[in-house]
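Take a look at the structure below.
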Amino acid sequence: MRESYWKLRARMTAAGLWPHGWVARGACYSLVLAVALFILQMALKLVAPAASDSLGGWVKFLVFDAVLLFSILAFRWLKRKLLWRLRNRLIVTYVFIGVIPAVLLVAMALISIYLFAGQFASFVVTSELNSQLRSMQAVNAAVSNELAARIEKGQTPTAESLAGLRKRDRAWGRRRVCAWHGTRILLVSGGSPNPAPMDFPDFFNKVQGEYARAMREGRPFKEIVRDHDQLYLRVASVFVVGSETLTVVTGEPLDKDLVADIAANLGEITVYTAGIMLDESHPNYKNPNAANQPGFETKIFSEPEKGKGDSAVRTAKTAPTPEADIFHPTFSVGSLAAPADMMDREITFGTPLPVLDWKTGDLARAGALIRVRTRPSVLYTHLFAALGDIARGVEYILLAILIFFAVIELVALIIGTRMTTTVTGAVAHLYDATKHVDRGDFSHRIPVKSSDQLAQLSLSFNSMTESIEKLILEQKEKQRLEGELAIAQEVQAQLFPRQVSELESLEVHGFCRPARTVSGDYYDFLTASSHKLILAVGDISGKGISAALLMATIHSAVRAYSVESLPQMREPVAVGAVAGAGRIMAAWPEGIEVSPGALLGLLNHQLYESTPPEKYATLFLGIYDGRTHRLTYSNGGHLPPILISESGAVRRLEAGGTVVGLFDSVTYDEGSVEMHPGEIFLAYSDGVTEPENEFGEFGEERLIDLVSANRTLPLLQISQTVTSAVDDWIGDNEQPDDITLVLARAR
């Protein structure tokens, strides 16, 4: 079972369906648990319906949790898919940086324009209402002055005293004027045959009242008031006449007729009020008794008529009162104008109207609202009516600014799109190039069509791939050369003597370790007869292949001259060659001696003729005679070999001449020394004595001390001791030169 689970998980993971992370696992757990509980709920409905209902809440909660978590996963997946490409990332960035701010600015501008237009429409309505109040204020001031003048003269005001004012004011038929001398009603004038007097505004007499103070200071009262569930425009003036005050109030109903005049050149105006029904078309409206009937009548009261007038006022016009604080459309006048063009959209805006309670002088809890429906063309006419032909110029200027901004936005959009395309195109080319590199195709190049930083990046990538391509070719060539060098190393290893037939009186050992793959040092042992052994040690100028080739040439020449064309002191003889394992043994008749100096001369002439001038070699040749224990030698510029006796005495073998192959017609002297039993012959190359560290060179003296201290050991161990000491002296540094060491010990 467990094995099947892991197999299923492996297959789902390979398909990308296995949930990773706590969100995915939580979503899966919630969904599985919700399905399990739902199945359990369906099963419990058959046996225990009450228990099944209790599981419904858990199922809903788990389903909601699973939907929420899966929504988060879907958002993350969509984000990865959409924002994986750089193009999409730049588009999203451009949208957030460029488009959304522009859209927000345009939206803010449109909202501001809409609010400005709506506010301007409301301003037109409120300014017209204020204009009506100012007109009523002028009429009220004239009425107040007329009545005050008559009272001061002791005359009783009559209807004829206001006749001149009625003729000058066309709106007089809609207005009602009431005057009080003290608290006694003096005059009532209105547009109905039987006008009812207003209630006396008691808040005018309040000493600390705001309006009382204002009127005492000469500021008139002009407000929208609510009186007996109706709205009025009212203006009041207070004068001191004699010992009492004269209070004059002029009012006009805020109804359809008044608002219709305002809406005539504006649009549709709707008045909303709470608890007032003034529209006769409303189903709950009841027709008042003789309200707003045509005709005119003035009543003069010498004494207040108690009950009769008040009762008439209170029952003059009533309507059912709806909810006190809920605004209802009271009436609507005017009509919305036809659009002038496609951009001439409807504008709807509302504004509150402050309303005072006529009884208390306080702001009414439920005032009034005015909603205006109009169009920009109508507002434009109102706004620029005073400019005349200049308005057309302002319109053109605004249109030019709009076109200019639109062009700038269009240019910015084009530039942003091109820059986005350039960046994403360059990245796409780079991505495609990396895929070619991943496949091992280093010959692919990115097309460069611009001169910006991205183009320089593409050029750098092209240069990099070109360099890598060259490096790979060089690496292949290097591998080929290393293979050839490995073969050369194997061939050169065959040139060094692998097995040597030692003489009874002399044991020999040689060691060579190249600094590079192949060596330019040379050593060899050749058995010339049963009792003679030729020792050769050399060092080629330079390192590497050229030195190795010259070393092979010297190796071949030494063996050829030593066996086939023997330089002799007296007379030539025929020589036969017998092949051995790693050696060539010449069969010499007794009495024939080989000359090391003559052999060096022949080698010098051959190298001089067949190698460049800068190529030469140092070479030591010695012939050891086992019968006489004598070593005959000639040194061609090589480091002088050393003979170390058992007592530690040192003899250097310096007889000879200059280096081989550098000069023509050079003769080489010979030397001869007798090797005593136990005496060690030591020949070496400069790779042994010249390595340096912070203490200086390894040096010949240290080499002699090492060999002397270990002289009783086998030659192989002496060689290993010396090379280990040299390695320790070099340390972690690279071996500077080939290391060659030849040891021989007399018995």
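Keep in mind the model is a prediction, meaning the values are calculated, not measured.
- Summarising the geometry, atom CD1 belonging to I151 is positioned 10.5 Å from atom CD belonging to E146; distances are rounded to the nearest 0.5 Å.
- Two residues are said to be in side-chain contact when any heavy atoms from C-beta on lie closer than 4.5 Å; R226 and K359 fail this criterion.
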Trace of the side chain to side chain contact (heavy atoms under 4.5 Å, CB included) decision for L356 with I224: CA-CA 6 Å; L356 294 181; I224 300 174; over 6 Å; no
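- Using a 4.0 Å cut-off between charged nitrogen and carboxylate oxygen, R371 and E268 count as a salt-bridge pair.
- The minimum heavy-atom distance linking L246 with A148 is given by the pair CD2-N, 3.6 Å.
- In this structure, R234 and D227 have side chains that are in contact, with non-hydrogen atoms separated by less than 4.5 Å.
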Full working for side chain to side chain contact (heavy atoms under 4.5 Å, CB included) between V249 and V177: CA-CA 6 Å; V249 178; V177 180; over 6 Å; no
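- Summarising the geometry of A368 relative to L231, their closest heavy-atom pair is CB-CD1, 4.0 Å, with the distance given to 0.1 Å.
- Sorted by first and then second residue, the pairs that involve residues 338-347 and meet side chain to side chain donor-acceptor pair (under 3.5 Å), not counting sequence neighbours, are D344-S377, E346-T348, E346-R373.
- Between I262 and L129, the closest side-chain pair of non-hydrogen atoms falls below 4.5 Å.
- The nearest pair of heavy atoms linking A24 to L73 is CA-CD1, 3.6 Å.
- Using a 4.5 Å heavy-atom threshold, the side chains of Y272 and I370 count as separate.
- No side-chain heavy atom of V35 sits less than 4.5 Å from a side-chain heavy atom of L62.
- Here the straight-line distance linking atom CG of L410 with atom CD1 of I415 works out to 10.0 Å at 0.5 Å rounding.
- Put simply, CZ on F70 and CG on D65 are 10.0 Å apart, with the number rounded to the nearest 0.5 Å.
- In the model, S122 has no side-chain atom that pairs as donor or acceptor with a side-chain atom of T351 under 3.5 Å.
- Within the 4.5 Å cutoff, the side chain of T247 has no heavy atoms near those of the F221 side chain.
- Here the side chain of N145 pairs a donor or acceptor atom with the backbone of A141 at under 3.5 angstrom.
- Sparse packing is recorded around CZ of F38, with 12 or fewer heavy atoms of other residues, nucleotides or ligands lying under 6.0 Å away.
- At least one donor-acceptor pair under 3.5 Å links the side chain of T374 to the backbone N or O of L266.
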T250 vs R176, side chain to side chain contact (heavy atoms under 4.5 Å, CB included): CA-CA, chis, key distance, verdict: CA-CA 6 Å; T250 301; R176 183 167 55 170; over 6 Å; no
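- Annotation for S135 and R175: closest pair OG-NH2, 3.4 Å, computed over non-hydrogen atoms.
- With F331 as the fixed residue, the side-chain contact (heavy atoms from CB on, under 4.5 Å) test singles out one of T270, V259, I269: V259.
- Side-chain atoms of Y232 and E252, non-hydrogen and from C-beta on, never get closer than 4.5 Å to each other.
- Counting only distance, with no hydrogens or angles, the side chain of D255 and the backbone of L258 share a donor-acceptor pair below 3.5 Å.
- For the residue pair W358 and D199, the shortest heavy atom distance occurs at NE1-O, 3.0 Å.
- The side chain to side chain donor-acceptor pair (under 3.5 Å) analysis of residues 99-117, with sequence neighbours excluded, yields no pairs.
- Here the side chain of S131 pairs no donor or acceptor atom with the backbone of S127 at under 3.5 angstrom.
- S30 contributes no side-chain N or O that, together with a main-chain N or O of A27, makes up a donor-acceptor pair within less than 3.5 Å.
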L147/V248 under side chain to side chain contact (heavy atoms under 4.5 Å, CB included): CA gap, chis, key distance, verdict: CA-CA 9 Å; L147 295 178; V248 180; 4.2 Å; yes
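- Atom CE of M198 sits about 6.0 Å away from atom CH2 of W180, to the nearest 0.5 Å.
- Rounding to the nearest 0.5 Å gives a distance of 10.5 Å between CZ of F200 and CD1 of I185.
- Side-chain contact check for I347 versus L379: some heavy-atom pair is nearer than 4.5 Å.
- Using the six-membered ring where Trp is involved, F61 and W58 have ring planes that are perpendicular, over 60° apart on the 30 and 60° scheme.
- With values rounded to the nearest 0.5 angstrom, M108 atom CE is found 11.5 Å from L115 atom CG.
- Without hydrogens or angle criteria, N140 side chain to M136 main chain gives no donor-acceptor distance under 3.5 Å.
- In terms of heavy atoms, G334 sits closest to A263 at CA-CB, 4.0 Å.
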